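Only a predicted model underlies this, so the values are computations on that prediction, with no experimental measurement involved. One-based numbering along the sequence shown.
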Amino acid sequence: MTGPGAPPSAAPLPGWLGPVVTLTTQVGVPTVFAGILLWFVLTQVGAAMERMQRAEDERTRSVAAMQTAVLETLDHLGVRFEAAINENIQANRELAAAAAARRP
């Protein structure tokens, strides 16, 4: 009877599976799962932050456009108001002159 021989070698693993098995063996399954979960959360948070930044940029552009429109409208209304006041002053002066001319 001869002694036990060398253990049979395992079949070669595909290219991506070998490092995964080695990593899992060295650090443990919970650590690998925690790493995968951390990677997933960080990539999702990064994508969410990018979406929020794009939405904030759009809101900033909208607010700036509304502010410009409001200021232009107020300037236009200010010019019209000033013209109406000047017309009113002129009409009051004419009425005052006409009233003064009628007095004895």
Peer 1: Tell me which one of Leu23, Val27, Val21, Val29 satisfies side-chain contact (heavy atoms from CB on, under 4.5 Å) with Thr25.
Peer 2: Val21

Peer 1: Apart from Val63 itself, what residues make up its hydrophobic cluster when side-chain heavy atoms of I, L, V, M, F, W and Y under 4.5 Å apart count as a link, directly or indirectly?
Peer 2: Met66

Peer 1: Please, which pairs that meet salt bridge (charged side-chain N to carboxylate O under 4.0 Å, His left out) have at least one residue in residues 86-97, sequence neighbours excluded?
Peer 2: none

Peer 1: Show me the donor-acceptor pairs within less than 3.5 Å that the side chains of residues 73-83 make with the rest of the protein, sequence neighbours left out.
Peer 2:
{"unit_1": "Thr73", "atom_1": "OG1", "unit_2": "Ala69", "atom_2": "O", "d": "2.8"}

Peer 1: Would you mind listing every salt bridge (charged side-chain N to carboxylate O under 4.0 Å, His left out) that reaches into residues 58-73, with sequence neighbours excluded?
Peer 2: Glu56-Arg59, Glu58-Arg61

Peer 1: With a 4.5 Å heavy-atom cut-off, do Asn86 and Gln90 have their side chains touching?
Peer 2: no

Peer 1: In a table with atom names and distances, give each donor-acceptor pair under 3.5 Å that connects a side chain of residues 32-55 to protein atoms at least two apart or in another chain.
Peer 2:
{"unit_1": "Thr43", "atom_1": "OG1", "unit_2": "Trp39", "atom_2": "O", "d": "3.1"}
{"unit_1": "Thr43", "atom_1": "OG1", "unit_2": "Phe40", "atom_2": "O", "d": "2.9"}
{"unit_1": "Gln53", "atom_1": "NE2", "unit_2": "Asp57", "atom_2": "OD1", "d": "3.0"}

